[in-house]
Amino acid sequence: MLNCHTIHDIIYTKRGIHMTDRIKKLYDYILSKKHRSLRAEFPEGNLSEEFCTEGLSHSERMTERLCRALKAETPVLLEGQKIAFMRTVKNAPDIFTEAEWKALREKHFIHESGYLSNICPGYARVISTGLLSVRNSAEAFLPLADEFFGGVIRSIDAVIKLSDRYAELAAKQGDNELAEILHRVPRYPARTLREAFQFFRILHFALWAEGEYHNTIGRFDLDFYPYLKSDIAEGRLDRASAFELTEEFFISFNIDSDLYPGVQQGDNGQSLVLGGCDSSGNTVWNMLTELALEASCELKLIDPKINLRVSSSTPLNAYELGTRLTREGLGFPQYSNDDVVIPGLIKLGYSPEDARNYVVAACWEYIIPGKGMEIVNIAALSFPKAIDTAIRKTGGGDFDHLLANVKSEINSMCESIAEKVKRLYIIPAPFMSVLFEDCITGLHDISTGAKYNNYGIHGTGIATAADSLAALEKIVYADRSETLPEFISKMYGNFESDNILLNNLRYHTPKMGNDDDRADRFASLLLNMFSEALEPLMNERGGRFRAGTGTAMYYLRHAAEIGASPDGRLKDEPFGTNFSPSIFARIDGPYSVINSFTKPDFTRAINGGPLTLEFHGSVFSEDENLQKIASLVMYFIKRGGHQLQLNAINAETLRDAQNRPEAYPRLIVRVWGWSAYFVELDREYQDHVISRQEYKL
Amino acid sequence: MITGTIFDIKEMSVHDGPGLRTTVFLKGCPLRCRWCHNPEGLSPDPQLMKRHNACIQCGLCKKSCGHPECSQLGVCIYACPRGCLEISGKVMTVEEVRDRVMRGADILRSSGGGVTFSGGEPLYQPDFLRGLLDALSGLHRTVETSGYASAEVFRDILGKADLFLFDIKHTSPETHKLYTGKDNAPILDNYRLLAESGVPYIIRVPIIPGVNDGEENLRNTAALAAAGKGLAGVELLGYNRFAGAKYGSVGMTYNFSSPADDAARDLLAPFRELGIKAVYKKMG
């Protein structure tokens, strides 16, 4: 239950608990990155040649590589560490040769790097049963699928072996408490919060070593609370010591995060969910929810990223706690609205219990822990491109005729996507499969499917597209000051021949974000076209396609695919971030933006994609303003918005950081679905962050 | 149909009264405070504003107009490919302003906020202001004012607003005239009306180092505050370092400089001593 007095204390009187010396030492050490120098290269050079020569199956290769990776690890315990495990070996090489990759890509659709990503493993169940329990089932089922279960058993053994080596080291160093914990987990169920955190760390560690990524963390407060509750009841922990442990747990996500294989470092998928309701519909909010928010506020690290599930019944002070975190400028929490997401998932065929248990993927998509083998970012559809192609095909006729062409273009793009992603192949993940109950009882690797096998498609550049249709409707079909061919010709010339028209389009035609139905109605229309186009499609795994409102990195890529657009966007200008107004649009303010962006029916387009609002940091300068901003978030949710990302930025600081990066090593910004250290971003992303709509109050 | 000139309607102010507010900025002001950070609010007439830092020097604005000197025709605002030019100051009817503000009615109410009338000087267009206050009586209405107006105008508006944010820039008539161009006698007269009326108000003092942050002025201000029936508090507003930011865009020069803030001084002491609730707010 939400304790109003505690929250008030936390926010306004600053009597919250603070970092202990032990944590401070660990924190400083990790931030100094010195531990990275303890890492060695992966020992054996060319695994792929060896595996190829020996003719190992893909599953066997994954298991063999994991076993070698864990074997090569040298246990290291940092001073004061209570939650052990730290990578001392860099990432293992690939399991396929170039020739094999070529053959794979010719035969299959490979998503991103080919390894399993962006799902939420069912950590909680295994933490409560222990790995031996899964091993026993694997042994019992071995005759039914010997390659799969053979891999499962070997993987579990390798993980346990490493834990034992850590236990030995702990004992040698005189830390008998830790040694005992590591003999307990991960073999047996966790009994205390510390054991649960340790168990999680080991599982997560092993997943990264196996080669999966964007393995989100799940429902932190729901999953770990039973352990905290029993610790408190039995006097093992109080709020202060629970806070300390939570801080250490959070720090652990920053120890090896640089080993994330992707290019954009902040985008490593270490995202957790707080709040919401459980599968029976009961509100989830407990001491861990608050400790997580407090810890994140104090630590100011980019991991773990925090998602807050809310609904129309969430009280204001929950939003105040969230806003306090927003103020730190970390680019989270991101808010997801249960009132929209749960019915939307149910509409798509998720069971009510599973829908209520949703978590958020690496960026914003909604996935089910322990049950979903979904590729929620398998493709992206550019709305502005659909319009660009449609208008080229349109000759005469009225505006409805143009819209019909847009619809048919969207249908065609969706069909192409569905075709393109056929013959999907995902590299097996034997250890990951340990964390999916259905894989054990279903006798198959997670990479071949789970209970839910849906795909998600981003719908990019909605505001640009809505504004484009509004502009065409006005200029070509209502005012008739240009014919369509004339308009298109000027547009393809980047409007250089007609600056009056350009000015009119950019600054004097309706824009989405001003609570103006003349533009807003097209967003709803386009999203409906998108979800209708996907409705009849099914993928090879019996899954559906989910329409989304996110733009992700496509705001640059998709914008580069077309030239200027009918809304007056010039060639090479990017789209807005995710689901937000066009960057150059003159916007009346946040309420207008919220009003515009909460009009569509999101239950039909439930892949996620947040409205992104950015406020100048000075807005948060007074504590009393926290409540004001919190009211705004609450308003967004009550209006039926599905997802909101609120950021505190300061364009002057960002520009300064571009020029003097050495002065801003820890400046954090939200990029599109994740946060990053600003100075580590490529210039074009930096520029985009700076150019976004910024409300100074 | 009552009309008036507005130079901005800003959604979501957090500094203009309780809760979330939409602030309506009325154009025109009788004062000329040297530190004013809304130079486009001074003249009651629409005027051209240019964002120099967005200008790409294409010259299309001049080409479209053809006049050697700017006569504020406004043709250029439709010619600039980057939208650098705008007219500040739009004539609107009371109904148009009301509809625009009511777009946010739900959030304004649910946050315990409302609408604030500011500027410029809202009392400078008394008929318009009266019309707006009546039309928006469904919301909490705050008037942010320098207090410079006739007693007749002030009395009329006094009965219509829910809260006043009343500036007291300086208590000495000579100093006030020196820095704002006007004597403060009408302001203090109106203050007394306000103080006796029981209508809730907050005294605002924009702290201008070297001008009004001296001990004597602060004590005098505190004494004035102590006399008020409806006083809800005093806010000392930290000097806005970016006060000059918009001057270039309206073709003016900001030529006021003030010494650095003396961070060590306790400006709130004179208020505390009289038991007055006072806070210092950093701006920007």
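Each chain gets a letter, A, B and so on, in the order its sequence line appears, and its residues count up from 1.
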About how many Å separate CE of B:M12 and CD1 of A:I594, when rounded to the nearest 0.5 Å?
8.0 Å
What part of B:L108 lies closer than 4.5 angstrom to a heavy atom of chain A: side chain, backbone, both or neither?
side chain
If one checks every heavy atom of A:L502 against chain B at 4.5 Å, the contacting part turns out to be side chain
Can you tell which of A:E622, A:R506, A:R639 has the highest number of heavy-atom pairs within less than 4.5 Å of chain B?
A:E622
Is B:K10 salt-bridged to A:D588, cutoff N-O under 4.0 Å?
no
Structural part of A:N595 lying under 4.5 Å from a heavy atom of chain B:
side chain
With a 4.5 Å cut-off on heavy-atom pairs, point out which of A:N503, A:N499, A:I500 contacts chain B the most.
A:N503
B:L20 and side chain to side chain contact (heavy atoms under 4.5 Å, CB included): which partner among A:I629, A:L632, A:N625?
A:L632
Side-chain contact test, heavy atoms from C-beta onward, threshold under 4.5 Å: evaluate it for B:R82 versus A:L570 and give yes or no.
yes
Please name all residues satisfying side chain to side chain donor-acceptor pair (under 3.5 Å) with A:S313, sequence neighbours left out, ordered by chain then number.
A:S311
Chain A contacts, top residue of B:A79, B:C58, B:S111, B:G104 (heavy-atom pairs, under 4.5 Å)
B:A79
Residue pairs passing the ring pair (Phe, Tyr, Trp, His ring centres under 6.0 Å) test with at least one member in residues 487-514 of chain A, sequence neighbours excluded, are A:H508-B:Y78
Heavy-atom distances under 4.5 Å only: say whether B:T23 touches chain A with side chain, backbone, both or neither.
neither
Quick check for you: among A:K628, A:M634, A:K638, which has the greatest number of heavy-atom pairs under 4.5 Å with chain B?
A:K628
I want to check something: taking the side chain as every heavy atom from C-beta on, are B:I107 and A:F636 in contact at a cut-off of under 4.5 Å?
no
Looking at chain A, which one of B:S110, B:P18, B:G19 has the largest number of heavy-atom pairs inside 4.5 Å, strictly under?
B:G19
